[in-house]
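What you are looking at is a predicted structure, and each value in this text was computed from that prediction instead of being measured. Quick note: residue numbers are just sequence positions, from 1.
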Amino acid sequence: GLENSARGVYTNNSAGVKAKKTFRQIPSAPERILDAPELIDDYYLNLIDWGSSNQVAVALGCTVYMWNADTGAINQLCQTNPDDE
């Protein structure tokens with residue numbers, strides 16, 4: 001049969017030492033509040049997305065905006081025709 005060469009890495013803690021749990025500090029008050037007029041209330045739509053580059057894309061009405069969380073800059077990404085709905 002096949003032998004796992006990293007088998008020792010995946011053994012359970014048999015020494016009885018408990019692993020220390022680390023907790024995140026989550027603030028109770030918001031850091032920023034983003035105003036989002038014309039955000040469509042639809043459970044099946046994904047109208048907001050936070051990317052790995054710390055930018056937020058938000059669809060408001062017929063327009064999609066990008067907000068840079070580092071700089072606070074807001075750019076209009078695209079706009080659709082309301083008659084195309």
Side-chain angles (χ1 to χ4, degrees):
L2 296 174
E3 185 176 325
N4 185 353
S5 61
R7 184 176 59 186
V9 175
Y10 298 106
T11 59
N12 60 2
N13 187 357
S14 60
V17 177
K18 288 188 175 185
K20 182 180 177 184
K21 289 186 179 182
T22 58
F23 295 98
R24 291 188 312 163
Q25 178 65 27
I26 300 174
S28 59
E31 182 178 318
R32 289 192 178 99
I33 297 174
L34 300 177
D35 189 21
E38 297 186 53
L39 184 67
I40 299 171
D41 185 14
D42 189 331
Y43 177 79
Y44 297 101
L45 294 178
N46 186 12
L47 300 173
I48 188 166
D49 185 47
W50 197 303
S52 61
S53 61
N54 209 19
Q55 293 192 20
V56 179
V58 182
L60 302 175
C62 297
T63 309
V64 178
Y65 296 95
M66 294 289 292
W67 175 69
N68 187 320
D70 293 329
T71 65
I74 300 170
N75 297 310
Q76 182 177 327
L77 186 61
C78 65
Q79 188 169 13
T80 63
N81 187 347
D83 297 331
D84 291 342
E85 294 180 3

For a quick test of reading the model, state the closest non-hydrogen atom pair linking Pro37 to Leu60 and the distance between them.
O-CD2, 3.3 Å
Please report, to 0.1 Å, the donor-acceptor pairs under 3.5 Å made by any side chain of residues 39-56, with sequence neighbours excluded.
{"unit_1": "Asp42", "atom_1": "OD1", "unit_2": "Tyr44", "atom_2": "N", "d": "3.0"}
{"unit_1": "Trp50", "atom_1": "NE1", "unit_2": "Asn54", "atom_2": "OD1", "d": "3.0"}
{"unit_1": "Asn54", "atom_1": "ND2", "unit_2": "Asp70", "atom_2": "OD1", "d": "2.6"}

Going by side-chain heavy atoms closer than 4.5 Å, which hydrophobic residues are tied to Phe23, directly or by a chain of links?
none
Are Val64 and Met66 connected, step by step, through hydrophobic side chains (Ile, Leu, Val, Met, Phe, Trp, Tyr) whose heavy atoms are closer than 4.5 Å?
yes
Thr63: side chain to side chain contact (heavy atoms under 4.5 Å, CB included) partners, not counting sequence neighbours
Tyr65, Gln76, Gln79
